[in-house]
Amino acid sequence: MMGHQPQSQEKLFYTRFNLSQRIPKNHILRKISNMVDFDFVYKEVKDKYGYNGNISVPPPVILKLMFLLIFYNVRSERDLMSTLPFRLDWLWFLDYDLDDEIPNHSVLSKARTRWGVSTFQCFFERIVMQCVQAGLVDGSNLFMDSSNIQADASNNSVVNTHDIKRYLKKSYQLFEDRLEKENNQSDDDHIDPPKTGSANSKYLSTTDPDASVQRQGGGRSKLKYKVHRGVDGKHEIITATSVSTGSVNEAHLLKPLLLEHEKTTGLKAQSCVADSKYGIIANYLACHDLGLKGHFASFEKAHRGSGRQKDIFPKENFVYNPGTDSFTCPEGEELKRRRFSKQRRYWEYTALPTVCRNCRSFSRCTRSKTGRSLKRHERQEDLDHMLLESESKESLKDIRTRQYLMERSFARSTRYGFKRARWRRLWRVKIQEYLTAAIQNVMVFVQHVKEPEATKAVANRKPEKSNGTGQFILQFLALFTTKSISKNLLHVPAG
Ligand code: SF4
């Protein structure tokens with residue numbers, strides 16, 4: 001027999017509704033809620049709130065809201081808040097009920113300013129440690145790479161600071177004052193000093209002064225930031241991350257990432273795997289001093305034979321003589337030690353200019369008019385050892401693995417809106433990256449850990465919101481005794 005839809009009337013009470021039961025047992029937010037402890041933030045931000053005044057939205061709720069914002073790649077915080085009332089899973093995740101008041105979207109931006117980067121860094125580090133404790137991190141191989149992300153600013157906001165200084169001194173002063181004020185307000189250790197000394201320092205975005213103008217692939221210049229990551233080889237857990245302006249060379253971030261990996265995991269890496277952009281002398285020596293293998297190709301070797309060095313004798317054609325501390329060139333002439341570069345820490349070796357100029361191989365040996373010169377670092381033995389190691393079979397295998405492993409790590413981030421900064425200024429982009437990296441790690445954790453390790457988190461959670469008919473009667477009675485309506489039971493429509 002066909003059923004007929006009865007004429008609906010707005011209900012005053014819902015007796016057969018249970019928010020928790022509406023969330024499937026295998027819902028991803030249920031798993032995350034069981035495995036991740038958000039309550040740690042109470043302790044973390046305790047000192048950042050006053051002792052009187054308005055009562056704030058509970059910090060774990062704010063952290064969860066930011067988690068949802070990135071996890072579902074919601075376009076804006078306004079969108080998040082307007083969607084929240086009709087997303088039962090989100091409400092359950094936040095420990096909210098149907099009739100709870102939804103906070104204003106501005107609480108998120110206020111909390112970011114109040115908490116600073118350190119709170120989000122702590123959240124990321126806690127997730128990494130949870131992964132280590134679950135055996136998801138091996139710690140021995142650290143893979144590294146960087147990726148550009150677009151700043152939340154238009155190219156039209158870029159101005160030539162030199163012009164402004166010259167022609168619009170007053171307005172430029174106002175702009176600088178604003179920057180100064182913003183920097184003081186954010187009061188964060190993680191804010192890097194403004195970029196100086198580069199061509200980029202000439203151009204500045206008035207919308208996001210921390211972003212730098214970058215050209216990529218011969219296309220149009222854009223405002224960019226750069227995300228640097230260290231990923232563990234076992235389950236691709238991100239163990240170290242950092243954000244810089246787009247103009248920073250990734251090679252300079254190798255050592256900080258290695259140290260961060262050690263700090264977050266408590267494990268010492270045995271090898272560091274990266275591409276040839278990281279293959280600079282400072283990085284080989286840093287790996288040597290830290291006692292690990294540097295599995296990355298030499299930048300100098302990778303670019304040898306191009307530009308001015310095209311079709312000239314490679315360095316390997318010259319033989320070093322330790323006894324006399326000199327080189328012998330392919331024509332049998334001696335190149336002696338001449339001068340020391342204090343800044344770059346190497347010795348320069350040359351033959352007499354007259355010898356080179358009269359040499360029959362001059363055009364195949366050098367482009368310089370004064371003759372060929374060779375450089376030898378003051379720690380060349382250590383460097384040679386590291387370079388030899390970087391060409392081993394094990395290293396080449398790691399370098400091949402790195403290529404797809406790092407590509408995958410950044411590709412997975414795109415589903416969380418990684419390719420574009422949500423907010424302006426470097427410290428806010430760092431917050432975004434810590435949240436994104438933490439979420440990626442949480443997803444690996446949820447996938448591989450069947451039994452929740454974070455039993456403490458579960459224990460801290462409020463009891464399940466179960467309110468069948470029996471409970472309804474009990475709580476309805478309580479309504480008359482305590483004059484309070486249980487939030488978990490009744491949904492009273494507005495008006
Ligand atoms: S140019 Fe100078 S360094 Fe080069 S092969 Fe001739 S003599 Fe030797």
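On a predicted model such as this, the values are computed, not experimentally measured, just so you know. Numbering of ligands and ligand atoms starts at 1, following listing order. Numbers here are sequence positions counted from 1.
- Here the protein heavy atom with the shortest distance to atom 2 (Fe) of ligand 1 is Cys356 SG, 2.4 Å.
- Remark: minimum distance from atom 5 (S) of ligand 1 to any protein heavy atom is reached at Glu331 CG, 3.5 Å.
- In this structure, Trp347 and Phe340 have tilted ring planes: the angle between them lies in the 30° to 60° band.
- Judged by distance alone, with hydrogens and angles left aside, the side-chain atoms of Ser212 form a donor-acceptor pair with the main-chain N or O of Gly246 at under 3.5 Å.
- For atom 6 (Fe) of ligand 1, the closest non-hydrogen atom of the protein is Cys359 SG, 2.3 Å.
- In this structure, atom 8 (Fe) of ligand 1 lies nearest to the protein heavy atom Cys329 SG, 2.4 Å.
- Of all atoms in ligand 1, numbered sequentially from 1 with element shown, those under 4.0 Å from a heavy atom of Glu333 are 7 (S).
- Side-chain contact between Thr265 and Asp232 is absent, with no heavy atoms from C-beta onward closer than 4.5 Å.
- In this structure, the side chains of Leu259 and Leu290 come closer than 4.5 Å at one or more pairs of heavy atoms.
- No side-chain heavy atom of Tyr284 sits less than 4.5 Å from a side-chain heavy atom of His377.
- Only the side chain of Cys365 comes within contact range of ligand 1, with a heavy atom under 4.0 Å; no backbone atom does.
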